[in-house]
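This chain uses plain numbering: 1 for the first residue, then up along the sequence. Only heavy atoms go into these numbers, but all of them, side chains included; no hydrogens, no water, no symmetry mates. From a predicted model like this one, the values you see are computed outputs, not experimental measurements.
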Amino acid sequence: MSDEPQRQQPGQGWAPRRPPTADASRGTAGGTPRRTGRRRLLPTWRTALGGLLIAALLVVGGFFLGYHLVQIPAANALATQQSNVYLYADGSVIARDGEVNRENVTLDRISLAARHAVLAAEDRDFYTESAIDPQAMLRAAWNTATGKGKQSGSTITQQYVKNYYLRQEQTVTRKVKEFFISIKLDREQSKDQILEGYLNTSFFGRGAYGIQAAAHAYYGIDAAELDAGRAAYLAALVNAPSKYDVITHPENRDAVERRWNYVLDGMVDEGWLDAGERAALTFPTPRRTTLPTGLSGQRGYIVNIVKNHLVQHGIVDEAALDAGGYRITTTLHKDKQDAFVDAVNDNLMDRLDRENRKVDTYVRAGGASVDPKTGKVVAMYNGIDYVKQYTPNATRRDFQVGSSFKPFVFTAAVEHGSRTQDGRRITPNTVYDGTSERPVQGWGGRYAPENEDHRDYGDITVREATDKSVNAVYAQMAVDVGPDRVRQTAVDLGLSEDTPSLDDAGPSIALGVATASVLDMAEAYATLANHGRHAAYTMIEKVTRGTETIALPERRTRQAVSRQAADTTTAVLRGVVENGTATAAQSAGRPAAGKTGTAEEDTAAWFAGYTPDLATVVAVMGQDPVTAGHKSLYGAMGLPRINGGGAPAEIWGQYTREALRGQPVRSFDLRLQPGAWQTQPPSGDPSSSSSSSSSDDPGDEDGTAPDDEDTGGRTPDGTGTRTDSGRTGDGDGDEGRTGDGGGTDGTGDTSGEGNGDGTTDDTTGRGNGQGGGRGDGDDANGDDAHGRNGLTDALTPHHRRDR
């Protein structure tokens with residue numbers, strides 16, 4: 001046995017490990033050295049590649065996930081809000097209502113220069129590039145991070161998405177949504193649609209959203225009228241709306257002009273503007289005071305009245321109006337509207353002393369003016385300022401109309417062939433007892449109205465009683481006609497059936513206890529001016545919303561009362577202006593007819609009048625500004641009292657003169673009631689049973705009425721008369737009966753020659769009786785012949801005029 005140690009066999013006990021060799025320190029079995037120190041912190045190329053692949057997969061997956069998850073939402077509430085735009089008949093703006101001053105317009109209503117200016121300012125590659133610009137987004141982010149200021153890297157599409165679909169907050173979530181919605185929108189809408197939406201939603205300062213509102217706010221024009229210079233300024237505003245308004249921030253003008261030049265130069269670079277034209281442009285300073293779009297002055301009244309008219313006539317419902325976006329062209333004329341305001345100021349408001357006369361603080365005024373031929377309201381006056389006195393005085397129905405109602409009583413009398421209590425036909429020359437507080441005859445109860453200042457007139461003709469506004473005569477006439485007939489005639493002429501105190505009045509209806517509005521009265525008087533043909537007033541010419549035109553109710557004109565009834569009333573009302581209580585209305589400088597009126601206790605004074613071309617009603621009212629109660633106007637303007645022949649008639653005269661300036665002066669063309677010119681003695685006069693024409697009457701020889709220079713030639717239209725067709729009156733004009741010798745040669749049931757007043761209506765023939773004349777289709781009384789001394793002479797025997 002050897003003494004050397006034996007090698008231990010595996011598994012036979014413990015043995016020391018072999019020390020590591022030098023190769024072990026070099027790495028793995030493959031020979032790659034291990035990474036030590038800082039190198040251990042860097043990824044291998046395999047790790048980097050794998051990470052990039054995973055990141056790419058996440059980005060692509062995230063993109064597709066976001067694209068499918070983010071949907072195009074409904075528009076935000078602010079983006080869809082618009083103002084309603086109210087326009088004069090000539091298209092100029094009256095006002096805009098609504099919380100947001102925006103009027104959406106189609107792209108073709110925006111000038112090409114304006115479109116190009118905005119593209120030059122915001123996104124010159126809009127039509128050629130995609131909806132997003134990653135390079136611009138990165139550049140904006142870098143400039144923001146490096147302190148060069150916050151900048152937008154958004155395209156026009158992205159800005160539109162932010163304005164229309166999202167909110168303005170600066171958050172990652174909003175930016176992500178904006179990114180995906182922009183891509184989708186670019187696929188679903190055309191570039192023109194996106195640009196149109198952008199131009200309608202961008203904010204330009206001065207409360208103007210959209211380029212149409214901005215064009216009005218800064219330059220008072222439509223977007224379609226913007227030239228390159230003005231368009232470039234508006235485009236510059238988008239970048240900093242408040243900061244770049246050179247009127248409110250003149251210190252920023254240099255920066256604004258640099259931005260303006262940048263826009264114009266961009267337009268030249270893109271071939272959108274000629275370089276020579278560009279060189280000739282100067283900076284277009286915007287308006288210092290922009291077109292008012294608030295509701296102060298008359299504007300607020302007009303907006304509310306027009307809105308009520310739209311809703312009440314079923315043209316647009318209230319909810320739709322509140323949503324906005326309507327463009328409403330009214331029938332109002334700006335020049336006439338301004339003339340009305342000036343007339344009220346000159347003849348009333350400027351004469352008040354509210355500091356030293358308390359009664360002057362009560363004074364209110366209302367007015368309305370209507371074209372008789374069309375029924376269109378051309379002007380209104382509602383108060384000094386909507387923001388100070390919000391009740392519209394042209395449409396309120398709480399003040400008595402007073403004696404301005406009396407013409408409706410006479411119209412009803414002629415229309416119905418009414419007679420006095422003793423059987424005399426009511427004409428302009430019928431004589432009544434004008435004694436103050438004379439009890440009305442033929443009425444169940446006792447009613448004895450007093451005349452103004454308790455004055456007694458004794459026997460007086462209807463014409464004179466109208467000139468002097470005699471209550472005793474008209475209260476009796478209302479009973480003679482019948483209050484119900486008077487009421488219906490007033491409604492037929494244009495008063496609302498809902499007029500307070502119209503239904504429950506007896507003889508007092510003649511004194512104007514009803515509380516019709518100024519606008520209602522203007523409609524009724526317009527019917528008289530239009531020979532009895534009635535067209536309900538309208539103040540809407542056109543309504544559109546976007547490209548849609550809203551249908552308006554069909555306009556209809558009807559014969560409310562016969563032409564003879566309306567024209568004979570006009571003849572009587574001519575005397576009120578020529579000789580009666582409304583001589584101040586002569587300042588209009590045109591043939592005019594009208595009637596004054598005063599409410600009980602002098603709480604209101606009226607003048608309602610018309611020319612052949614214009615019917616206008618003016619009222620001065622008394623109202624406590626604190627309690628809103630009615631107040632008497634004694635002492636207002638330093639005068640003992642205000643009556644219709646004062647300030648109301650003066651306002652009417654000045655307004656009518658200015659409103660019709662430049663238009664030809666037209667005379668009334670009248671066809672009067674048969675025998676209207678004949679005198680009728682009072683009851684009990686021995687001559688009352690015989691012919692009332694004296695032998696020296698100019699009309700006695702040939703049976704024609706005295707000539708009248710204002711009536712003009714006979715109108716051959718054959719419209720506007722209504723009595724029994726083709727019949728003659730009896731000796732004193734009883735319509736619908738034959739005369740003593742028969743009837744006429746006309747279209748009626750009888751023929752021959754008689755001694756009545758001649759033919760009445762709708763006849764073609766010759767009347768040979770007393771007062772007869774040549775008939776051409778409406779009447780044959782000859783009462784509309786020409787003459788020398790005005791219409792008053794046609795109603796006054798022997799051409800005498802009472803003073």
Side-chain angles (χ1 to χ4, degrees), residues 372 403-404 406-407 410-411 414 427-431 434 452 457 460-470 473-474 525 528-529 531 566-598 605-618 643-657 660 665-673 676-679 698-699 705-712 783-803:
S403 293
S404 60
K406 286 176 180 173
F410 181 72
T411 302
V414 179
T427 71
N429 285 307
T430 300
V431 176
E452 187 173 357
Y457 293 93
I460 186 172
T461 65
V462 170
R463 176 180 55 80
E464 294 170 313
T466 308
D467 290 351
K468 298 175 172 60
S469 200
V470 181
V473 171
Y474 269 90
Y525 272 73
L528 294 175
H531 308 296
D567 284 4
T568 307
T569 302
T570 298
V572 172
L573 297 183
R574 292 275 334 256
V576 177
V577 176
E578 291 177 356
N579 308 301
T581 57
T583 55
Q586 294 177 13
S587 62
R590 292 171 180 264
K595 185 68 187 74
T596 57
T598 306
W606 297 68
F607 179 69
Y610 51 94
T611 70
D613 302 296
L614 202 59
T616 304
V617 177
V618 179
N643 54 40
E650 293 165 356
I651 292 169
W652 187 95
Q654 178 178 322
Y655 162 74
T656 301
R657 182 179 67 249
L660 296 177
V665 175
R666 293 205 308 126
S667 298
F668 288 98
D669 176 19
L670 304 178
R671 300 178 188 174
L672 306 185
Q673 169 193 32
W677 57 273
Q678 292 178 300
T679 58
D707 293 339
D708 178 73
E709 64 183 5
D710 289 332
T711 58
D783 290 331
D784 57 346
H786 298 281
R788 303 182 299 277
N789 299 317
L791 188 56
T792 304
D793 285 343
L795 304 179
T796 307
H798 314 303
H799 296 278
R800 290 180 300 179
R801 183 174 296 175
D802 295 328
R803 299 293 179 182

Worksheet entry | Any side-chain donor near an acceptor of the partner, Tyr474 and Ser469, under 3.5 Å | no
Worksheet item: Heavy atoms, side chains only, cut-off 4.5 Å: are Tyr655 and Val618 in contact?
Response: no
Fill in: Flag, side chain of Thr611 to backbone of Leu614, donor-acceptor distance under 3.5 Å
yes
Fill in: Donor-acceptor contact present, side-chain Asn429 to main-chain Ala676, <3.5 Å
yes
Worksheet, complete the sentence: Interatomic distance, CD@Glu578 vs CG@Leu573, rounded to 0.5 Å, equals 11.0 Å
Worksheet item: Which distance, rounded to the nearest 0.5 Å, do you find between the CZ of Arg590 and the OG1 of Thr656?
Response: 9.0 Å
Worksheet item: If you take all heavy atoms of Asp613 and Pro372, which pair is closest and at what distance?
Response: O-CD, 3.2 Å
Worksheet item: Is the backbone N or O of Ser587 less than 3.5 Å from a side-chain atom of Arg657, with the two atoms forming a donor-acceptor pair by type?
Response: yes
Practice prompt. Could you tell me which non-hydrogen atom of Pro428 sits nearest to which non-hydrogen atom of Thr461, and how far apart they are?
Written response: O-CB, 3.8 Å
Practice prompt. May I ask you to test the Gln673-Thr427 pair for a side-chain heavy-atom distance under 4.5 Å?
Written response: yes
Item to complete: Check the pair Phe668 / Asp567 against side chain to side chain contact (heavy atoms under 4.5 Å, CB included), numbers first and verdict last.
Response: CA-CA 9 Å; Phe668 288 98; Asp567 284 4; over 6 Å; no
Practice prompt. Taking all non-hydrogen atoms of both residues into account, name the closest pair between Val617 and Ala608 and its distance.
Written response: CG2-CB, 3.7 Å
Worksheet item: Any idea which heavy atoms bring Pro407 and Tyr525 closest together, and the distance?
Response: CG-OH, 3.2 Å
Worksheet item: With side chains defined as the heavy atoms from C-beta onward, is the minimum distance between Arg574 and Pro591 less than 4.5 Å?
Response: yes
Worksheet, complete the sentence: Looking only at heavy atoms, the pair that brings Ala582 and Phe607 closest together is CB-CE1, 3.3 Å
Practice prompt. Walk me through it: do Phe410 and Thr568 pass the test side chain to side chain contact (heavy atoms under 4.5 Å, CB included)?
Written response: CA-CA 9 Å; Phe410 181 72; Thr568 307; 3.8 Å; yes
Response to the item:
In short, Lys595 meets Ser404 closest at the heavy-atom pair CG-CA, 3.9 Å
Discussion item. Using the side-chain contact (heavy atoms from CB on, under 4.5 Å) definition, which of the options Thr466, Thr596, Thr598 pairs with Thr581?
Written reply: Thr596
